[in-house]
Amino acid sequence: MKIMDFKSINRFKMLGRLIVLCILLCYNLGFAQDVKVKKVKKTNPNKSLNENLHVKVYRQSIQKGDLNTAIVSLNYYLIENKSNIEYKDTLALMYAQNRQYDISYKLVKEIQESGRSSDLITEIFAVSANALNQTVEAADAYQKLYSNSKNIQHGYALLQLQQQLKRVKEAQVTCNSLMADTTINQVSLSVLNEKNKKEINVPFRAVLYNINGLLEYENKAYMESIESFKKALELAPEYEIAAQNLKTITAIKESMDKIKTE
């Protein structure tokens, strides 16, 4: 019998949603600081003109949603203004939005090595590291984010990474923390029903009960595991993954009980 593990659970689609939230800040030029042209000496009008052109192209490209041109323009700007390291934040954000995670990952590393830090920088790094399968670094970043923000999306991403890394005790702590957050009562996730290949909306709490059941199973707490799957199904009777897990764990426990009595 196969237990449906966390990979079978439909996710928040964290990469897309987190970066969409971040890019809104970029569109409004509110992340870090607005890209401003430094005052230059009158003896160097050409440099001032070039800077203004790069910023104008950058702004226009962002407004049109042309990330490729915006990235090129900001790269030119940063080459000519190397002291403005804070503007690497915006560049890293745009690379991540453009799914060029290897570059956004390296840029954030450079930013962090310079001593700069913020939750948004950490979030870009977490998303990029996760996309590049740098699981440990991604988990550490999401741990920092969740500790600071108590944002349920950060917590859910952390929980999935902890499961992937087999950090069962840590995952249990994160799961309990999410379960205690009443805001999850207004959240549902879209999960795939394997039988008809259609997506259904499932309460987030039901998803967490299912995950908790898997964690309890890892801890060999079979009765507690079964109870968690039952609670998930009480909230979402059509939740196929939880039903399959309940059936599997119940059969395992019954087999073990039978062996003990023989």
Side-chain angles (χ1 to χ4, degrees), residues 1-17 130-131 133-136 138-140 142-143 146 152-262:
M1 299 181 185
K2 182 180 179 181
I3 297 174
M4 302 294 286
D5 63 13
F6 73 99
K7 291 182 180 179
S8 301
I9 300 171
N10 191 283
R11 307 183 175 188
F12 265 136
K13 299 180 181 178
M14 292 297 297
L15 299 183
R17 294 195 180 186
N130 197 20
N133 294 318
Q134 300 295 329
T135 312
V136 173
D140 291 344
Y142 275 119
Q143 179 70 71
Y146 185 53
I152 60 174
Q153 290 189 349
H154 295 157
Y156 187 50
L158 172 62
L159 177 58
Q160 292 178 93
L161 288 166
Q162 287 171 331
Q163 285 184 284
Q164 187 175 342
L165 292 167
K166 302 297 182 183
R167 296 178 179 177
V168 177
K169 291 183 179 179
E170 294 177 24
Q172 190 70 70
V173 171
T174 303
C175 189
N176 290 340
S177 177
L178 287 167
M179 293 278 278
D181 191 333
T182 57
T183 61
I184 70 171
N185 295 331
Q186 285 75 50
V187 178
S188 62
L189 300 183
S190 179
V191 301
L192 182 66
N193 187 315
E194 290 293 337
K195 289 183 178 179
N196 56 21
K197 301 300 180 181
K198 293 183 179 180
E199 291 189 347
I200 60 171
N201 288 325
V202 173
F204 187 24
R205 189 173 292 278
V207 173
L208 291 177
Y209 271 128
N210 181 66
I211 293 174
N212 191 63
L214 295 173
L215 295 172
E216 294 289 9
Y217 169 75
E218 292 289 342
N219 287 325
K220 301 187 186 305
Y222 302 117
M223 279 303 300
E224 290 83 351
S225 176
I226 288 171
E227 287 303 312
S228 288
F229 294 132
K230 286 182 178 179
K231 289 178 179 178
L233 289 169
E234 287 175 5
L235 293 173
E238 72 282 14
Y239 193 8
E240 184 182 332
I241 292 172
Q244 180 61 51
N245 286 336
L246 174 61
K247 180 179 179 181
T248 301
I249 300 302
T250 300
I252 291 173
K253 186 179 184 304
E254 289 176 350
S255 296
M256 294 179 67
D257 290 343
K258 184 177 180 180
I259 292 173
K260 289 180 181 178
T261 58
E262 290 179 351

How about Lys169 and Val173: do any of their side-chain heavy atoms sit closer than 4.5 Å?
-> no
Shortest non-hydrogen contact from Ala139 to Leu165?
-> CB-CD1, 3.8 Å
Hey, what do you get for OG1 (Thr135) to CZ (Arg167), rounding to the nearest 0.5 Å?
-> 9.5 Å
Summary of side chain to side chain donor-acceptor pair (under 3.5 Å) pairs that have at least one residue in residues 219-228, sequence neighbours excluded | Asn212-Ser228
Could you give the distance from CG (Leu189) to OH (Tyr239), rounded to the nearest 0.5 Å?
-> 7.5 Å
To the nearest 0.5 Å, how far apart are CD1 in Ile226 and CG in Asn245?
-> 11.5 Å
What distance separates Tyr142 OH from Gln153 CD, expressed to the nearest 0.5 Å?
-> 9.0 Å
Which heavy atom in Val202 sits nearest to a heavy atom in Ala206, and how many Å separate them?
-> CG1-CB, 3.7 Å
How long is the span from the NZ atom in Lys231 to the CD atom in Glu234, to the nearest 0.5 Å?
-> 8.0 Å
Have Thr248 and Tyr217 got a donor and an acceptor in their side chains that come within less than 3.5 Å?
-> no
Between Arg205 and Met179, which heavy-atom pair has the shortest distance, and what is it?
-> NH1-O, 2.9 Å
Considering only heavy atoms from C-beta outward, does the side chain of Val168 approach that of Gln172 to under 4.5 Å?
-> no
Does some side-chain heavy atom of Met223 sit less than 4.5 Å from a side-chain heavy atom of Glu216?
-> no
Residues Pro203 and Ala236: closest non-hydrogen pair is CD-CB, 3.9 Å
Within-4.5 Å side-chain heavy-atom neighbours: Gln163 and Leu215 = yes
For Tyr156 and Leu178, the nearest pair of non-hydrogen atoms, with its separation, is N-CD1, 3.9 Å
For Leu159 and Ala171, work out which heavy atoms get closest and say how close.
-> CD1-O, 3.3 Å
Is the shortest heavy-atom distance from the side chain of Leu233 to the side chain of Tyr209 under 4.5 Å?
-> no
Do Leu246 and Thr250 have side-chain heavy atoms sitting under 4.5 Å apart?
-> yes
Going from CD on Gln186 to CD1 on Ile152, what distance comes out if it is rounded to the nearest 0.5 angstrom?
-> 9.0 Å
Find out whether Gln162 and Gln143 are in side-chain contact, i.e. whether some heavy atom of one side chain is under 4.5 Å from a heavy atom of the other.
-> yes
